[in-house]
Amino acid sequence: MRKIDLCLSSEGSEVILATSSDEKHPPENIIDGNPETFWTTTGMFPQEFIICFHKHVRIERLVIQSYFVQTLKIEKSTSKEPVDFEQWIEKDLVHTEGQLQNEEIMARDGSATYLRFIIVSAFDHFASVHSVSAEGTVVSNLSS
């Protein structure tokens, strides 16, 4: 099985929820594959977004590119609907002055249909997420 970036919108994934939205920097920018675009939070924390894969996937490696994210929690669900999330990963990121945070996470037990990313805290009043990529394989399509 070939490994692909499961989070790309071109692979059928979509951001189905984001707690803040700026029309110049919408949440869809996280998964558009363009490193020049990003989603920005608008003030208070926590902030979150949910990525739907529209299929069962097995994630082996996550890479998150962001600015000013301090504490990040990632929850996953294997349900057909975005419910029953379970705590999966929690990371304190390092502040990188003037350059993107590039956080690589090797995933254990990475079966999911949805991922919820919660920015618990930030190093500034705003944070941005430039991309989330999830390297892995498609296990099966969601049956209707």
Side-chain angles (χ1 to χ4, degrees), residues 1-94 96 99-124 126-144:
M1 272 199 216
R2 70 184 183 100
K3 290 181 191 167
I4 55 173
D5 183 351
L6 299 162
C7 282
L8 286 174
S9 52
S10 60
E11 292 293 335
S13 295
E14 66 178 319
V15 178
I16 58 162
L17 177 141
T19 51
S20 60
S21 187
D22 175 322
E23 59 188 42
K24 291 190 178 106
H25 307 290
E28 297 76 38
N29 287 351
I30 297 169
I31 58 172
D32 67 0
N34 180 349
E36 303 298 313
T37 63
F38 59 91
W39 169 69
T40 186
T41 64
T42 53
M44 315 250 304
F45 293 94
Q47 295 277 342
E48 68 180 66
F49 60 92
I50 296 176
I51 294 175
C52 173
F53 297 106
H54 294 294
K55 49 193 158 241
H56 291 286
V57 300
R58 181 165 297 114
I59 299 163
E60 295 172 17
R61 186 175 77 108
L62 282 171
V63 179
I64 297 112
Q65 293 187 318
S66 57
Y67 273 118
F68 297 124
V69 173
Q70 186 169 6
T71 303
L72 177 68
K73 271 191 205 174
I74 305 170
E75 299 174 348
K76 66 186 182 102
S77 172
T78 54
S79 300
K80 287 184 184 179
E81 300 297 324
V83 294
D84 302 327
F85 283 91
E86 59 184 69
Q87 176 70 35
W88 189 34
I89 295 165
E90 185 163 354
K91 294 285 284 190
D92 288 321
L93 278 61
V94 176
T96 53
Q99 62 185 36
L100 276 175
Q101 293 165 302
N102 197 44
E103 191 66 30
E104 184 175 329
I105 301 164
M106 296 311 287
R108 294 175 189 269
D109 187 29
S111 297
T113 48
Y114 296 90
L115 292 181
R116 176 192 285 158
F117 293 80
I118 303 165
I119 300 170
V120 178
S121 59
F123 292 106
D124 201 340
F126 300 94
S128 62
V129 178
H130 290 247
S131 73
V132 170
S133 67
E135 184 180 284
T137 54
V138 174
V139 177
S140 65
N141 289 324
L142 290 177
S143 52
S144 8

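Counting begins at 1 with the first residue of the sequence. The figures that follow rest on heavy atoms only: side chains count, while hydrogens, waters and symmetry mates do not.
- A side-chain donor from one of T71 and S121 sits under 3.5 Å from a side-chain acceptor of the other.
- Proximity of a side-chain donor or acceptor of S13 to a complementary backbone N or O of L6 within less than 3.5 Å is detected.
- When all heavy atoms of R58 and S111 are compared, the pair lying nearest together is NE-OG, 3.9 Å.
- Under the 3.5 Å distance criterion, with hydrogens and angles disregarded, no donor-acceptor pair is assigned to the side chains of T19 and E48.
- By the salt bridge (charged side-chain N to carboxylate O under 4.0 Å, His left out) test, E90 pairs with no residue at all, sequence neighbours left out.
- Note that CG of D84 and OG1 of T78 are 8.0 Å apart. Values are rounded to the nearest 0.5 Å.
- Donor-acceptor pairing under 3.5 Å is lacking for the side chains of D22 and T40.
- In terms of modelled atom types and a separation under 3.5 Å, the side chain of Y114 and the main chain of H54 share no donor-acceptor contact.
- Within the 3.5 Å criterion, the main-chain N or O of S79 finds a donor-acceptor partner in the side chain of T113.
- Taken to the nearest 0.5 Å, the CG atom of N34 stands 11.0 Å off from the CG atom of L8.
- Contact record, S21 with P27: OG-CD, 3.8 Å, taken as the closest heavy-atom pair.
- For S140 (side chain) and H56 (main-chain N/O), no donor-acceptor pair under 3.5 Å exists by modelled atom type.
- Each of V69, I119, N102 was checked for a side-chain contact (heavy atoms from CB on, under 4.5 Å) with L93, and the lone residue meeting it is V69.
- Aromatic ring orientation, W39 versus F49: perpendicular (interplanar angle above 60°, classes split at 30° and 60°).
- No donor-acceptor pair closer than 3.5 Å links the side chain of S131 to the backbone N or O of P35.
- I59 and A107 make their closest contact through O-CB, 3.5 Å (heavy atoms, listed as atom of the first residue, atom of the second, distance).
- Inter-residue side-chain proximity for Y67 and D124 is flagged as unmet; no heavy-atom pair is nearer than 4.5 Å.
- For the atom pair CD of Q65 and CD of E103, the computed distance is 11.0 Å after rounding to the nearest 0.5 Å.
- Of the N and O atoms on the side chains of Q101 and T96, not one donor lies less than 3.5 Å from an acceptor on the other residue.
- The minimum heavy-atom distance between S77 and V83, with the atom names listed, is OG-O, 2.6 Å.
- A distance of 8.5 Å separates CZ in F117 from CD1 in I30, rounded to the nearest 0.5 Å.
- Here the straight-line distance linking atom CG of L62 with atom CD1 of I105 works out to 5.5 Å at 0.5 Å rounding.
- With sequence neighbours excluded, the residues forming a salt bridge (charged side-chain N to carboxylate O under 4.0 Å, His left out) with E135 are R61, listed by chain and number.
- Counting only residues at least two apart or in different chains, salt bridge (charged side-chain N to carboxylate O under 4.0 Å, His left out) contacts with residues 67-77 comprise E75-R116, K76-E86, K76-D109.
- To the nearest 0.5 Å, the span separating CG on D5 from OG on S10 amounts to 8.0 Å.
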